[in-house]
Every structure is written in C-alpha cells, then in structure tokens.
Amino acid sequence: MFRRNFIQRITLAGATGLAQASNHKTATYQVKGFSCPTCAVGLDTMLRGQKGVVRSHSTYPEGIVTIEFDPDLVNDATLRSFIAEQGFTVGK
C-alpha cells in the first residue's frame with residue numbers, strides 16, 4: 001500500500017513538472033542546517049507540496065536550494081518563511 005501511494009505521488013509530481021509557464025520564476029537560496037542528504041530530499045518534497053511551487057532541488061552538503069515557482073501563487077517571503085519553519089536558516 002505504501003509503495004503504491006508513493007508511486008502515485010511521484011507520478012503526480014512528475015506530471016506537474018511537465019507544464020511550464022513563461023511566468024515562472026526561479027529563486028536560489030543558501031540554506032544552513034542540512035545534516036545529511038535526507039534533509040535536502042525532505043525539504044524538496046515538502047516544498048513541492050506547497051501551492052505555486054513547480055520544482056525544488058536542494059544539494060547536500062552545499063546547502064543550496066533552487067526553487068521554480070509561480071509568482072502569482074507564492075512569493076519569495078513565503079518560500080523563505082516556509083524553509084525557516086522547517087528548521088533551516090535561509091541566507092540572504
């Protein structure tokens with residue numbers, strides 16, 4: 001059951017990434033607090049679940065997060081706040 005739900009989520013997440021609108025923006029942040037690769041993957045997963053986020057890619061140990069988003073649905077301040085709420089520090 002878990003595997004089926006996981007595959008359905010991945011399929012939906014992949015389908016979301018296929019549609020690209022010209023009004024998407026990309027933000028890159030330096031994030032502190034990743035203690036392992038799972039932190040980066042987990043943050044990406046949670047960010048992708050946020051309204052307006054199209055893609056998220058985080059790197060460990062570099063601590064770089066790149067987010068593609070729809071500025072009509074979410075803004076820079078909201079993304080920064082969300083990352084901070086997850087327990088990470090977002091650089092300027």
Side-chain angles (χ1 to χ4, degrees):
M1 183 68 155
F2 171 78
R3 183 172 183 266
R4 183 178 354 181
N5 289 338
F6 179 73
I7 291 171
Q8 287 173 343
R9 288 182 193 156
I10 290 174
T11 303
L12 289 174
T16 303
L18 293 177
Q20 263 201 23
S22 61
N23 67 336
H24 288 172
K25 291 190 175 185
T26 301
T28 301
Y29 307 113
Q30 181 70 47
V31 175
K32 294 183 182 178
F34 288 168
S35 59
C36 65
T38 303
C39 293
V41 171
L43 181 60
D44 285 336
T45 301
M46 292 188 299
L47 280 164
R48 288 184 199 124
Q50 298 303 298
K51 185 176 183 178
V53 174
V54 177
R55 288 189 194 139
S56 176
H57 178 72
S58 301
T59 61
Y60 170 85
E62 296 84 0
I64 297 173
V65 179
T66 303
I67 305 167
E68 182 180 344
F69 64 98
D70 182 341
D72 294 331
L73 300 174
V74 66
N75 61 38
D76 181 69
T78 303
L79 293 171
R80 287 176 174 274
S81 177
F82 180 80
I83 294 169
E85 288 171 10
Q86 306 316 307
F88 302 106
T89 303
V90 183
K92 303 273 180 198

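Within the 4.5 Å cutoff, no side-chain heavy atoms of L43 are placed close to those of Y60.
In this structure a side-chain-to-backbone donor-acceptor pair under 3.5 Å is present from T45 to V41. In this structure, R80 contributes its side chain and G91 its backbone to a donor-acceptor pair below 3.5 Å. The backbone N or O of E62 lies less than 3.5 Å from a partner atom in the side chain of Q30, making a donor-acceptor pair.
In the hydrophobic clustering of this structure, I64 does not group with F34; members are Ile, Leu, Val, Met, Phe, Trp, Tyr whose side-chain heavy atoms approach within less than 4.5 Å, directly or through other members.
Of all heavy-atom pairs between G33 and C39, the closest is O-SG, 4.4 Å. What you find for L73 and G52 is that their closest heavy atoms are CB-CA, 3.7 Å. Across V53 and V74, no two heavy atoms sit closer than the pair N-CG1, 4.5 Å.
One distance of note links NE2 of H57 with CG of L47; it measures 12.5 Å at 0.5 Å rounding. Here the straight-line distance linking atom OH of Y29 with atom OG of S56 works out to 10.0 Å at 0.5 Å rounding. Taken to the nearest 0.5 Å, the NZ atom of K51 stands 11.5 Å off from the OG1 atom of T78. To the nearest 0.5 angstrom, E68 atom CD is 12.5 Å from K25 atom NZ. Rounded to the nearest 0.5 Å, atoms CZ (F69) and NE2 (H24) are 10.0 Å apart. In this structure, I83 CD1 and M46 CE are separated by 9.5 Å, a value rounded to the nearest 0.5 Å.
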Mind running side chain to side chain contact (heavy atoms under 4.5 Å, CB included) on L79 and V90 for me, showing each step along the way? CA-CA 10 Å; L79 293 171; V90 183; over 6 Å; no

